[in-house]
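Below, all heavy atoms of this structure are taken into account, side chains as well, without hydrogens, waters or symmetry copies. In this text the structure is predicted, and so the values were computed from the model without any measurement.
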Amino acid sequence: MESYKDDEWYEQATDVRSQLKFFEQLERLEKQRKDEQEREILLKAAKSRSRQEDPEQARLKQKAKEMQQQELAQMRQRDANLTALAAIGPRKKRKLDAPGLLTIGGEGVGLCGGSQAGLGTGSPRQYPRQKITRVNLRDFIFYMEQEREMSHSLLLYRALLK
């Protein structure tokens with residue numbers, strides 16, 4: 001698994017993810033505005049005290065009551081959820097291994113050549129979470145023997161000594 005995002009020649013042309021997030025946020029805001037307008041209309045209808053009530057007015061009042069009850073239930077649910085989260089305490093973040101580190105039998109073996117260049121500098125760039133795959137030492141040695149760059153490496157000779 002090789003990541004080209006750290007490569008100096010890598011240049012991102014378009015960021016589709018951020019564009020999708022923007023459109024989703026725009027849709028959310030539009031829906032929220034529409035809901036607010038509908039809510040205002042319903043509240044005005046519920047507050048109006050006309051002497052003659054037509055069926056449309058009665059229906060709007062009933063809908064406004066239901067909407068207020070739903071909002072109250074949502075607020076109660078949100079408060080209950082926040083109380084429960086506060087009771088269980090803060091979430092603990094798991095420690096991640098350094099990127100490019102492969103563990104064999106509990107021992108760390110560095111695998112990536114140039115991708116660890118900025119590790120000690122404390123760069124603010126976040127590394128994507130890499131998939132950790134456990135392998136047998138025998139399979140790892142076979143893999144290194146087959147790879148052209150790894151076939152004469154010090155890492156292979158150290159692995160053969162174990």
Side-chain angles (χ1 to χ4, degrees), residues 1-42 63 66-162:
M1 183 172 144
E2 212 169 311
S3 176
Y4 291 103
K5 289 185 179 180
D6 299 331
D7 190 8
E8 61 188 44
W9 297 103
Y10 175 80
E11 183 177 325
Q12 190 170 0
T14 60
D15 191 7
V16 178
R17 184 175 293 153
S18 65
Q19 290 173 353
L20 285 175
K21 283 182 183 178
F22 173 75
F23 284 126
E24 287 173 357
Q25 185 179 17
L26 197 64
E27 287 176 355
R28 236 182 284 124
L29 288 173
E30 193 174 312
K31 184 179 184 291
Q32 186 179 7
R33 186 181 53 82
K34 184 180 173 185
D35 289 344
E36 278 295 319
Q37 286 178 344
E38 183 181 339
R39 184 174 181 266
E40 287 178 19
I41 291 170
L42 287 175
K63 195 171 181 182
E66 289 173 3
M67 188 183 65
Q68 286 176 339
Q69 288 174 351
Q70 277 183 339
E71 286 178 355
L72 189 60
Q74 285 176 352
M75 287 174 53
R76 285 181 183 157
Q77 183 67 36
R78 192 178 311 120
D79 289 343
N81 286 345
L82 290 174
T83 304
L85 284 173
I88 61 174
R91 294 186 206 161
K92 294 181 181 176
K93 292 185 180 179
R94 294 187 341 185
K95 284 188 175 181
L96 296 176
D97 289 336
L101 192 67
L102 180 67
T103 57
I104 299 176
E107 298 179 17
V109 179
L111 183 61
C112 293
S115 68
Q116 291 184 359
L119 270 183
T121 61
S123 61
R125 171 179 247 162
Q126 292 266 336
Y127 287 99
R129 186 172 180 169
Q130 294 182 346
K131 183 179 177 184
I132 298 173
T133 306
R134 296 190 182 274
V135 295
N136 293 335
L137 183 60
R138 182 176 45 131
D139 295 335
F140 186 59
I141 291 172
F142 176 76
Y143 164 76
M144 288 193 295
E145 288 172 344
Q146 301 304 315
E147 284 292 315
R148 203 178 90 209
E149 302 91 26
M150 300 288 288
S151 62
H152 296 292
S153 70
L154 181 62
L155 184 63
L156 174 61
Y157 294 119
R158 284 184 182 167
L160 286 169
L161 290 174
K162 289 191 180 210

**Study point:** R134 CZ to F140 CZ distance, which is reported to the nearest 0.5 Å
**Key:** 14.5 Å
Practice item. With rounding to the nearest 0.5 Å, note down the distance linking CG in L42 to CG in D35. Key: 10.5 Å
Review point. Checking side-chain contact (heavy atoms from CB on, under 4.5 Å) for the pair H152/L156: CA distance, chi angles, key distance, verdict?
Key: CA-CA 7 Å; H152 296 292; L156 174 61; over 6 Å; no
Check your understanding: Where do M150 and E145 land on the side-chain contact (heavy atoms from CB on, under 4.5 Å) test, with the steps shown first?
Key -> CA-CA 7 Å; M150 300 288 288; E145 288 172 344; over 6 Å; no
**Study point:** CZ-OG distance between F23 and S18, expressed to the nearest 0.5 angstrom
**Key:** 10.0 Å
Study note, to complete from the structure: Value for CZ (R148) from OG (S153), rounded to nearest 0.5 Å, stands at 13.5 Å
Review point. Around Q32, counting heavy atoms of other residues, nucleotides and ligands shown, do more than 12 lie under 6.0 Å from its CD?
Key: no
**Study point:** salt_bridge(K63, E38) N-O dist < 4.0 Å
**Key:** yes
Exercise for review: Report the distance from atom CD of Q70 to atom CG of L72, rounding to the nearest 0.5 Å.
Suggested key: 11.0 Å
Check your understanding: Hey, is CD on E30 packed in by over 12 heavy atoms from elsewhere, all under 6.0 Å?
Key -> no
Exercise for review: Starting at CD of E147, measure out to CZ of F142 and round the result to the nearest 0.5 Å.
Suggested key: 10.5 Å
